[in-house]
Amino acid sequence: MLEYVLLMVFVVAVIFSIMIFLTWWQITQLSVEKTNQQQERVLSFIKSFIESPYMTKENSIFDDGKLTALAMIPDSCEKLRGVYGDDWHAEIMLMDGKPLRECGQMTYPDGSQSCNYWSICPKQTAKGKITQIVPVNVYRRIGYVLNVTNHVLPRTYLGTLNVTMYV
Amino acid sequence: MILFIIVIFGGLAVFLLTFAKTFGQPEYMNLYTHNLLLSVMRTDTGYTDSRCRLVSDTMSCAFFESDWRCGGNGPRCRSLINTTITGYISEFELIQKSYRYLLIAKPEYLSGGEVINPVTNQPLRIKIGDLSLEEERVNKIVANEQIQKTTSSGPIIIKVQLILSQKKD
């Protein structure tokens, strides 16, 4: 009789373990699914951003003139949010080895006021965020100033696009 | 017996979690690798003469005019392509910390044949990075690009491949 009771206890314990495990697994899967969907959202955003005619010269090549113009238009962020949705922040940085200096009305591609960083839409304070970084190019109309002829040549720099999505 | 059940369930959970994690990132890394190769090829080297202006120009020069000195008395194309690509790729934090890379470039005629080095009688190749990656059987992320150039021997396509593989911890 005691053996049957022990066996029953054991079977019930196994059934409970399976139930707990399956519930836990389901919760974990939902969490993984949510993270994957968020990452897919960031990727879709990046793909459309690097093709945006508002900011790029061609696919993945940002135009510094367009970026600086965006930084100077007061309601540019609202307009971009109308296209790309809310809850994001983007930064484009040149990899020129110089300290970061934000581009705006009072900065220029060359000389002592040179800049190498554009911030598009302000950062937000949210609990969760996902940041993805991809290599891009930045095209500057004023790239080289030739000493002999004083000609100005454009230059394509290596850079990164950092996109943060707030979740 | 209870311990036995816990061990089995624990093992199963770890296995399932590993499986879920492995398939979570490939699309991002594909985009990253492709954009890395494309961006590096389109970046200026710092020299303004037409043979050395962009990394892709210098790549072509390294194959067909390897003794050309960029900027008059600067480095030779072959040397510049090595230092520029190594320097540019190493600037990316993700690569520095977690990935090994190998860049392979090979010129081909439009008709499809490989360009042969007349001295060594071997196909022309430029390889930059971790050479062991080419033969290793590990998970790799691969991006391909083509550069079209016209040389004295006719139009050429340079096929450039970037291979990334995660560093082992």
Side-chain angles (χ1 to χ4, degrees), chain A residues 6 9-10 13-14 16-18 20-22 24-25 28-29 31-33 35-40 42-44 46-47 50 57-62 93-97 130 132-140 143-149 151 153-163, chain B residues 1-50 53-57 71-72 84-85 87-95 143 162:
Chain A
L6 278 174
V9 168
F10 177 70
V14 168
F16 265 101
S17 306
I18 290 172
I20 290 166
F21 175 76
L22 287 179
W24 170 80
W25 175 245
T28 314
Q29 278 305 97
S31 162
V32 169
E33 189 64 30
T35 310
N36 282 347
Q37 278 182 0
Q38 286 166 346
Q39 281 179 347
E40 272 174 31
V42 181
L43 277 182
S44 308
I46 290 172
K47 283 176 188 170
I50 58 179
K57 181 174 164 280
E58 57 186 270
N59 190 6
S60 288
I61 303 183
F62 286 91
M93 296 176 195
L94 286 191
M95 299 177 85
D96 58 0
I130 297 178
Q132 301 276 39
I133 300 171
V134 287
V136 291
N137 288 117
V138 179
Y139 171 84
R140 306 198 96 167
Y144 304 96
V145 180
L146 299 179
N147 290 333
V148 184
T149 56
H151 272 116
L153 294 177
R155 179 169 180 170
T156 307
Y157 288 86
L158 197 59
T160 58
L161 167 67
N162 302 9
V163 170
Chain B
M1 185 58 85
I2 290 169
L3 192 68
F4 177 70
I5 292 168
I6 290 170
V7 167
I8 287 182
F9 279 102
L12 194 61
V14 168
F15 168 74
L16 291 172
L17 276 177
T18 314
F19 189 75
K21 201 180 169 187
T22 309
F23 288 91
Q25 283 278 327
E27 207 187 334
Y28 168 64
M29 278 315 296
N30 275 338
L31 177 71
Y32 190 97
T33 312
H34 182 261
N35 255 43
L36 177 62
L37 177 59
L38 191 65
S39 304
V40 166
M41 285 296 133
R42 295 193 298 202
T43 304
D44 273 61
T45 59
Y47 290 90
T48 51
D49 59 288
S50 61
R53 183 145 185 200
L54 303 179
V55 171
S56 57
D57 298 331
T84 309
I85 288 180
Y88 282 168
I89 293 182
S90 308
E91 280 187 56
F92 290 91
E93 208 179 318
L94 181 71
I95 306 294
L162 178 65

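Chain letters run A, B, ... following the sequence lines, proteins first and then strands; every chain starts at 1. Heavy atoms only: backbone and side chains are in, while hydrogens, waters and symmetry mates are out.
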task: Check whether any side-chain heavy atom of B:Y32 sits under 4.5 Å from a side-chain heavy atom of A:Q132, and report yes or no.
output: no
- request: Would you indicate whether the side-chain heavy atoms of A:L153 and B:R53 approach each other to under 4.5 Å?
  value: yes
- request: Would you mind reporting whether B:L31 and A:L43 have side-chain heavy atoms less than 4.5 Å apart?
  value: yes
- request: Check whether A:E58 gets within reach of chain B through its side chain, its backbone, both or neither, counting any heavy atom under 4.5 Å.
  value: side chain
query: Does A:Y139 reach the side chain of B:D44, with side-chain heavy atoms less than 4.5 Å apart?
result: no
- prompt: Considering only heavy atoms, which portion of B:V55 lies under 4.5 Å from any heavy atom of chain A: side chain, backbone, both, or neither?
  reply: neither
message: So A:T160 and B:F92, do their side chains get closer than 4.5 Å, heavy atoms only?
response: yes
task: Below 4.5 Å from any heavy atom of chain B, which atoms of A:I46 appear? Answer side chain, backbone, both or neither.
output: side chain
query: If you tally heavy-atom pairs under 4.5 Å against chain B, which of A:G159, A:S60, A:G97 wins?
result: A:S60
task: Would you mind telling me which of B:E91, B:E93, B:H34 has the largest number of heavy-atom pairs within less than 4.5 Å of chain A?
output: B:E91
message: What I'd like to find out is whether the side chain of A:I50 reaches to under 4.5 Å of the side chain of B:N35, using heavy atoms alone.
response: yes
side-chain contact (heavy atoms from CB on, under 4.5 Å) involving B:S39 - partner list, sequence neighbours excluded: A:P135, A:N137, A:L158
field: Interatomic distance, A:R155 atom CZ to B:L54 atom CG [nearest 0.5 angstrom]
entry: 10.5 Å
